Amino acid sequence: MSSLDLSGRTAIVTGASRGIGLAIAQRLADAGANVVLTSRKQDSADAAAAEVGGTAIGVAAHAVEEDQARRCIDLALEKFGGVDILVNNAGTNPAFGPLIEQDHGRFAKVFDVNLWAPLLWTSLAVKAWMGEHGGAVVNTASIGGMGFEANLGLYNTTKAALIHVTKQLALELSPRVRVNAICPGVVRTRLAEALWKEHEQLVAGATALGRIGEPDDVAGAVAFLVSDAASWITGETMVIDGGQILGNAMMFRSAAG
């Protein structure tokens, strides 16, 4: 059996109706896992599950609602007998602009979805199954959590905190549960449209590998982190950005030429 084979395991992927979450769900299903996809609306969750196919099921669950999260985990246990993998992918960014221009409502929403929800779902999954049987958790952070940029300060602060929480959970939940984070760069998703849609070639030119990311680029890394191939990896932050964090590749090539 391949160390990347996930047959017999059950994964929950939050925020999986489109983009990175849907690509992750598809990749885990292709590796043999039973997949539970969540979205805020049942029809969106059902449509995503139908696209993934196989044994995948969709569940309506707002990431920050404890009752809905608990129901989702209970359904996974009832249908598949376990929760071996949790991908905390749901995220939001209603707070574009300088930090001092944000109000408490936007502050609370972005922290609730991007930071509290991963902690909530991890807690519920560990208490329901992983604490006794083991498991793997992956949190979707961002390269924004590793640096600074205009107008994304609040979002990036939540991702920096999520990186810290990932490491703390990895320590607290060892050795039974592994917890890692991924830090994507600019990926072709609806959430990130403002970062690439009107100037994709400019972003691609400033990326060492010459293009923006695709959801499937991220999905492959997650499939590795939750597999036995990564069985001695925990508390890590995997950057998946095509080299964007290295600096402006286009300027470097111009200077070198």
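Predicted model only: the values in this text are computed from it and were never measured. All residue numbers in this chain count up from 1 along the given sequence.
If you take CG on Asn34 and CD1 on Ile57, they are separated by 9.0 Å, rounding to the nearest 0.5 Å. Atom-to-atom distance recorded for Trp116:CH2 and Glu66:CD is 7.0 Å, nearest 0.5 angstrom. The CZ atom of Arg71 sits 11.0 Å away from the OG1 atom of Thr38 when rounded to the nearest 0.5 Å. Distance check, rounded to the nearest 0.5 Å: CD of Glu65 to CG of Asp112 gives 9.5 Å. The distance from the CG atom of Asp30 to the CD atom of Gln26 is 4.5 Å, given to the nearest 0.5 Å. To the nearest 0.5 Å, atom CG of residue Leu99 and atom CG of residue Leu152 are 10.0 Å apart.
Distance alone, capped at 3.5 Å, places no donor-acceptor pair between the Ser142 side chain and the Cys183 backbone. Counting only distance, with no hydrogens or angles, the side chain of Trp121 and the backbone of Ala69 share no donor-acceptor pair below 3.5 Å. In terms of modelled atom types and a separation under 3.5 Å, the side chain of Asn151 and the main chain of Phe96 share no donor-acceptor contact. Judged by distance alone, the side chain of Ser123 and the main-chain N or O of Leu119 form no donor-acceptor pair under 3.5 Å. The backbone N or O of Gly235 sits less than 3.5 Å from a side-chain atom of Asn180, completing a donor-acceptor pair. Under the 3.5 Å distance criterion, the side-chain polar atoms of Asp5 are matched with a main-chain donor or acceptor of Ser7. In terms of modelled atom types and a separation under 3.5 Å, the side chain of Arg178 and the main chain of Ile233 share a donor-acceptor contact. Judged purely by atom type and a 3.5 angstrom limit, Gln68 uses its side chain to pair as donor or acceptor with the backbone of His62. Of the possible donor and acceptor atoms, none in the side chain of Arg9 sits under 3.5 Å from a partner among the backbone N and O of Ser227. At least one donor-acceptor pair closer than 3.5 Å links the side chain of Gln244 to the backbone N or O of Val186.
Scanning all heavy atoms of the two residues, the minimum distance from Ala128 to Ile73 falls at CB-CG2, 3.9 Å. Gly131 and Val177 make their closest contact through N-CG2, 4.5 Å (heavy atoms, listed as atom of the first residue, atom of the second, distance). The two residues Ser44 and Ser39 come nearest to each other via the heavy atoms CB-OG, 3.5 Å. Considering every non-hydrogen atom in both Asp46 and Gly58, the closest pair reads OD1-O, 3.8 Å. Scanning all heavy atoms of the two residues, the minimum distance from Gly145 to Ala160 falls at O-CB, 3.3 Å. Counting all heavy atoms, side chain and backbone alike, Ala229 lies closest to Leu4 at CB-CD2, 3.7 Å.
Grouping the Ile, Leu, Val, Met, Phe, Trp and Tyr side chains by contacts below 4.5 angstrom, directly or via other members, places Ile163 apart from Ile182. When the side chains of ILVMFWY residues are joined at heavy-atom separations under 4.5 Å, either directly or via intervening members, Leu120 and Trp129 end up in a single hydrophobic cluster. Hydrophobic clustering, with ILVMFWY side chains joined whenever heavy atoms are under 4.5 angstrom apart, groups Val187 together with Ile240. In the hydrophobic clustering of this structure, Ile245 does not group with Leu209; members are Ile, Leu, Val, Met, Phe, Trp, Tyr whose side-chain heavy atoms approach within less than 4.5 Å, directly or through other members. The hydrophobic clustering, which links ILVMFWY residues whose side-chain heavy atoms are closer than 4.5 Å, places Leu86 and Leu225 apart.
Within the 4.5 Å cutoff, side-chain heavy atoms of Leu162 are placed close to those of Pro118. For the pair His133 and Asp84, the minimum side-chain heavy-atom distance is 4.5 Å or more. Between Val137 and Met130, the closest side-chain pair of non-hydrogen atoms falls below 4.5 Å. Between Val52 and Leu22, some side-chain heavy-atom pair lies under the 4.5 Å cut-off. Side-chain contact check for Val87 versus Leu28: some heavy-atom pair is nearer than 4.5 Å. The shortest distance between side-chain heavy atoms of Thr55 and Val35 does not fall below 4.5 Å.
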Q.
Could you walk me through whether Thr234 and Ser174 satisfy the side chain to side chain contact (heavy atoms under 4.5 Å, CB included) test, starting with their C-alpha distance in whole Å, then the side-chain angles of each, then the deciding distance to 0.1 Å, before giving a yes or no?
A. CA-CA 8 Å; Thr234 195; Ser174 61; 5.5 Å; no

(Q) Checking Asn156 against Phe148 for the side chain to side chain contact (heavy atoms under 4.5 Å, CB included) test, could you report, in this order, the C-alpha distance in whole Å, the side-chain angles of both residues, the deciding distance, and whether it holds? (A) CA-CA 8 Å; Asn156 288 347; Phe148 310 92; over 6 Å; no

Q. Can you check side chain to side chain contact (heavy atoms under 4.5 Å, CB included) on Val110 and Gln102, steps first, answer last?
A. CA-CA 11 Å; Val110 71; Gln102 305 309 315; over 6 Å; no

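Within a 6.0 Å radius of CD in Glu132, other residues, nucleotides and ligands contribute 12 heavy atoms or fewer. Counting heavy-atom neighbours within 6.0 Å of Lys167 NZ, excluding the residue itself, gives a total above 12.
A salt bridge links Asp103 and Arg106; the closest N-O separation between the charged side-chain nitrogens and carboxylate oxygens is under 4.0 Å. The pair Arg188-Asp217 does not count as a salt bridge, with every side-chain nitrogen at least 4.0 angstrom from each carboxylate oxygen.
Results of the side chain to side chain donor-acceptor pair (under 3.5 Å) test with Asn88 over Thr140, Thr122, Thr166, Thr14 single out Thr122 as the only residue that passes. For the side chain to side chain contact (heavy atoms under 4.5 Å, CB included) with Val138, the qualifying choice from Ile24, Val226, Ile85 is Val226, the only one to do so.
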